[in-house]
Participant: 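Structure incoming, see below.
Note that the structure is predicted; figures quoted are calculated from it, not measured.
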Amino acid sequence: MVCLLRNLPPTVSKPVKGFDALPLPIDISDGAHIARIKYYKNVLVSHSKDGILTDTLYKTIWCDLEKAIGGLGNHQDVKDAADAKSIVLDYESVKKLVNQHEILYQRLEDHDTKITKLDTEYVQQHRKRENDHAKQEYKQYVQSIKMSKLDASVENMKTGNER
């Protein structure tokens, strides 16, 4: 997504520290907002070992992301984020979320298995087609040798009859 936002028209200027580092707080350009979102996504999702944040860090990240989303002009998402910030999850809600997560994870594993199976089938079919093609070429080669020998025999018979 970040790659698309950076490269599709209108192109976004690269922040001072680039797209792979957390921009300075005073940088409020579109490029800095995109870099901020990418940075926190990487910190929180891709590179987090335990997913634990201190309250202070959580509040800092939340504020930065709200500013970045708002800075990109999506005020509805800012409103939705503010609403989400104040939602209190009871035990049943947490249980439902965990259950949904487990269902989605299982579906993802199922899709991964299906993709692997399809990939294996494709490779096997491709090898079979290549093998069949090679056999056909070999048969044609053998046939051409037989035809050459037959032509040579016929030619020899003609030259032998002419004497």
Participant: Taking all heavy atoms of P23 and all of A35, pick out the closest pair and write down the distance.
Facilitator: CG-CB, 3.8 Å
Participant: With K128, which residues qualify under salt bridge (Lys or Arg N to Asp or Glu O under 4.0 Å), at least two apart?
Facilitator: D132
Participant: Using 0.5 Å steps for rounding, measure from the CE atom of M147 to the CD atom of Q143.
Facilitator: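 With rounding to 0.5 Å, CE (M147) is 7.0 Å from CD (Q143).
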Participant: For residues 60-72, dump all side-chain donor-acceptor pairs below 3.5 Å to protein atoms at least two apart in sequence or in another chain.
Facilitator:
unit_1, atom_1, unit_2, atom_2, d
T60, OG1, T56, O, 2.9
W62, NE1, E66, OE2, 3.1
D64, OD2, Y40, OH, 2.6

Participant: For E92, enumerate each residue passing the side chain to side chain contact (heavy atoms under 4.5 Å, CB included) test, keeping only those at least two apart in sequence or located in another chain.
Facilitator: D90, K95
Participant: What pairs of residues pass the salt bridge (Lys or Arg N to Asp or Glu O under 4.0 Å) test when at least one of them lies in residues 68-80, not counting sequence neighbours?
Facilitator: K79-D83
Participant: Let me have the donor-acceptor pairs involving side chains of residues 102-109, under 3.5 Å, with sequence neighbours excluded, atom names and distances please.
Facilitator:
unit_1, atom_1, unit_2, atom_2, d
Y105, OH, E109, OE2, 3.3
Q106, NE2, D110, OD1, 2.9

Participant: Suppose we screen for salt bridge (Lys or Arg N to Asp or Glu O under 4.0 Å). Which residues come up paired with D151, at least two apart in sequence or across chains?
Facilitator: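 If we apply the salt bridge (Lys or Arg N to Asp or Glu O under 4.0 Å) test to D151, skipping adjacent residues, there are no hits.
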Participant: In Å, rounded to the nearest 0.5 Å, how long is the span from CG of D119 to CD of E121?
Facilitator: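 Here the rounded value is 10.0 Å.
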Participant: Following the transitive rule for hydrophobic clusters with a side-chain heavy-atom cut-off under 4.5 Å over Ile, Leu, Val, Met, Phe, Trp and Tyr, establish whether I28 and F19 coincide in one cluster.
Facilitator: no
Participant: Under the side-chain hydrogen bond (donor to acceptor under 3.5 Å, both in side chains) rule, collect the residues that match up with H133, sequence neighbours excluded.
Facilitator: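 Partners of H133 by the side-chain hydrogen bond (donor to acceptor under 3.5 Å, both in side chains) criterion, ordered by chain and then number, come out as E137.
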Participant: Check the hydrophobic clustering (I, L, V, M, F, W, Y; side-chain heavy atoms under 4.5 Å; chains of links allowed) and say if I37 and V16 are grouped together.
Facilitator: no
Participant: Kindly check if the number of other-residue, nucleotide or ligand heavy atoms within 6.0 Å of CG (D55) is above 12?
Facilitator: no
Participant: Please tell me whether I115 and L118 are part of a single hydrophobic cluster in this structure, the criterion being side-chain heavy atoms less than 4.5 Å apart.
Facilitator: no
Participant: For the atom pair OG (S153) and NZ (K158), what is the distance rounded to the nearest 0.5 Å?
Facilitator: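 That separation rounds to 12.5 Å.
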Participant: Nearest 0.5 Å, please: how far is OG in S144 from CG in L150?
Facilitator: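 Between L150 CG and S144 OG, I get 12.5 Å after rounding to 0.5 Å.
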Participant: Counting neighbours of CG on L57 that are heavy atoms of other residues, nucleotides or ligands and sit closer than 6.0 Å, is the number greater than 12?
Facilitator: yes
Participant: Looking only at non-hydrogen atoms, find the nearest pair between D20 and Y39 and report the distance.
Facilitator: O-CD1, 4.4 Å
Participant: Taking only residues two or more places apart in sequence or in another chain, which ones pass side-chain hydrogen bond (donor to acceptor under 3.5 Å, both in side chains) with Q124?
Facilitator: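 Expected list: none.
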Participant: In chain order, what residues pass the side chain to side chain contact (heavy atoms under 4.5 Å, CB included) check against I26, with sequence neighbours excluded?
Facilitator: L24
Participant: Taking side chain as C-beta onward, heavy atoms only, is Q136 less than 4.5 Å from Q140?
Facilitator: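 Counting from C-beta outward, Q136 and Q140 do come under 4.5 Å.
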Participant: Determine whether H33 and R36 make a side-chain contact, defined as any pair of heavy atoms from C-beta on separated by less than 4.5 Å.
Facilitator: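 Counting from C-beta outward, H33 and R36 do come under 4.5 Å.
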Participant: Taking only residues two or more places apart in sequence or in another chain, which ones pass side chain to side chain contact (heavy atoms under 4.5 Å, CB included) with R127?
Facilitator: V123
Participant: Can you sort out the partners of T116 under side chain to side chain contact (heavy atoms under 4.5 Å, CB included), two or more places apart, ordered by chain and number?
Facilitator: D112, T120
Participant: I'd like to check the salt bridge (Lys or Arg N to Asp or Glu O under 4.0 Å) partners of K17; sequence neighbours left out, ordered by chain and number.
Facilitator: none
Participant: Nearest 0.5 angstrom please: K114 NZ to K117 NZ, how far?
Facilitator: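 If I round to the nearest 0.5 Å, the distance is 9.5 Å.
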